[in-house]
Amino acid sequence: MAEPDGTARPALHVAGLRRWFRGAGGDVHVLRGLELGVAAGELVTVAGRSGSGKSSLLALLGGLDAPDAGTVLCDGEPVGPVIPWHRCAVLPQSLGLADELTLAENVALPLRLRPDPRRRDAAAVADRVRGLLAELGIAELADRYPAETSFGQRQRAALARAVAARPRVLLADEPTAHLDVGSVPAVLGLLRRCADEGGAVVVATHDEEVHRIADRRVRLREGRLVES
């Protein structure tokens, strides 16, 4: 899809995004009129000190929260509280795995919820799940429940779930924060491949290793995005 001037429309387009909260001393403005476009095939990292609004931004981009002003478009359509995993998938810091499902069942969930029944072939789903768990080094944990694994293992499973349906937009909040050193390269490789295969990837992170694989780095400073 193209803009009226013939340029490619960003897979993710943010305009005039504002978020504020009521505080004891008045309104606290977290995000102040953000503008951002992320193209298909681009990996953009968001830097900023703790408390700068990175998690708030990703929640707004993924429809987990509503802005006080501005718009967020995914493939030209507004995001909202219910958005298909194949359009926009989020890896939040809280992970959000279903406790009653095994890691493999959690990863399979976005695939089983696809609207097209032809894409829910059981064998294909199982192959995709096995492949992702193996790539992230947790294949042997497929039949365990989240409570039976470490936080870092759960984080990798949540990333596998987020990318399982090959989303057009992937949003990841500190995806390496709880990983041991040996697990980081697989996560970096998967994030990079998601972009290389045509996804628009946005990662909020403090990790310089993640920033190094990005096509572009932006920084949240005083509620605004600046090129970094």
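Position 1 is the first residue of the sequence; numbering continues from there.
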Judged by modelled atom types alone, do T176 and E209 share a side-chain donor-acceptor pair under 3.5 Å? no
Determine whether L220 and L34 make a side-chain contact, defined as any pair of heavy atoms from C-beta on separated by less than 4.5 Å. yes
Taking only Lys NZ, Arg NE, NH1 and NH2, and the carboxylate oxygens of Asp or Glu, determine whether D127 and R130 approach each other closer than 4.0 Å. yes
Please say whether more than 12 non-hydrogen atoms of neighbouring residues, nucleotides or ligands are located less than 6.0 Å from CZ in R221. no
Keeping R161 on the side-chain end and G96 on the backbone end, is there a donor-acceptor pair under 3.5 Å? yes
Residue pair A157 / V107: nearest heavy atoms and the distance that separates them: O-CG2, 3.6 Å
Side chains of S52 and R219: does their closest heavy-atom pair fall under 4.5 Å? no
Between R168 (side chain only) and D75 (backbone N and O only), is there a donor and an acceptor less than 3.5 Å apart? no
Side-chain ion pair, D207 and R212, N-O less than 4.0 Å: no
Got more than 12 heavy atoms from elsewhere within 6.0 Å of CD, E227? yes
Find out whether L17 and L36 are in side-chain contact, i.e. whether some heavy atom of one side chain is under 4.5 Å from a heavy atom of the other. no
Check ion pair E135-R156 (N to O, under 4.0 angstrom): no
Provide the closest heavy-atom pair for W85 versus P167 in the form atom of the first, atom of the second, distance. O-CB, 3.3 Å
A side-chain contact here means heavy atoms from C-beta on lying under 4.5 Å apart; do V72 and P78 qualify? no
I'd like to know if the side chain of K54 reaches the main chain of V46, judged simply by a donor and an acceptor atom lying under 3.5 Å from each other, with no hydrogens or angles considered. no
Within-4.5 Å side-chain heavy-atom neighbours: V163 and L170: yes
Between the side chain of R154 and the main-chain N/O of L97, is any donor-acceptor distance below 3.5 Å? no
Ignoring hydrogens, what is the shortest heavy-atom contact between I83 and C88? Give both atom names and the distance. CD1-CB, 3.5 Å
Short question: side chain of H206, backbone of A177 - any donor-acceptor pair under 3.5 Å? no
Is a side-chain N or O of D215 found less than 3.5 angstrom from the main chain of L43, in a donor-acceptor match? yes
N-O pairing of E42 and R216 below 4.0 Å: yes
Answer yes or no: is there a donor N or O on one side and an acceptor on the other, between the side chain of Q155 and the main chain of E174, under 3.5 Å? yes
Would you say the side chain of P81 lies within less than 4.5 Å of the side chain of L64, judging by non-hydrogen atoms? no
Between A195 and V201, which heavy-atom pair has the shortest distance, and what is it? N-CG2, 3.8 Å
Can you tell if the side chain of D65 reaches within under 4.5 Å of the side chain of S56, non-hydrogen atoms only? no
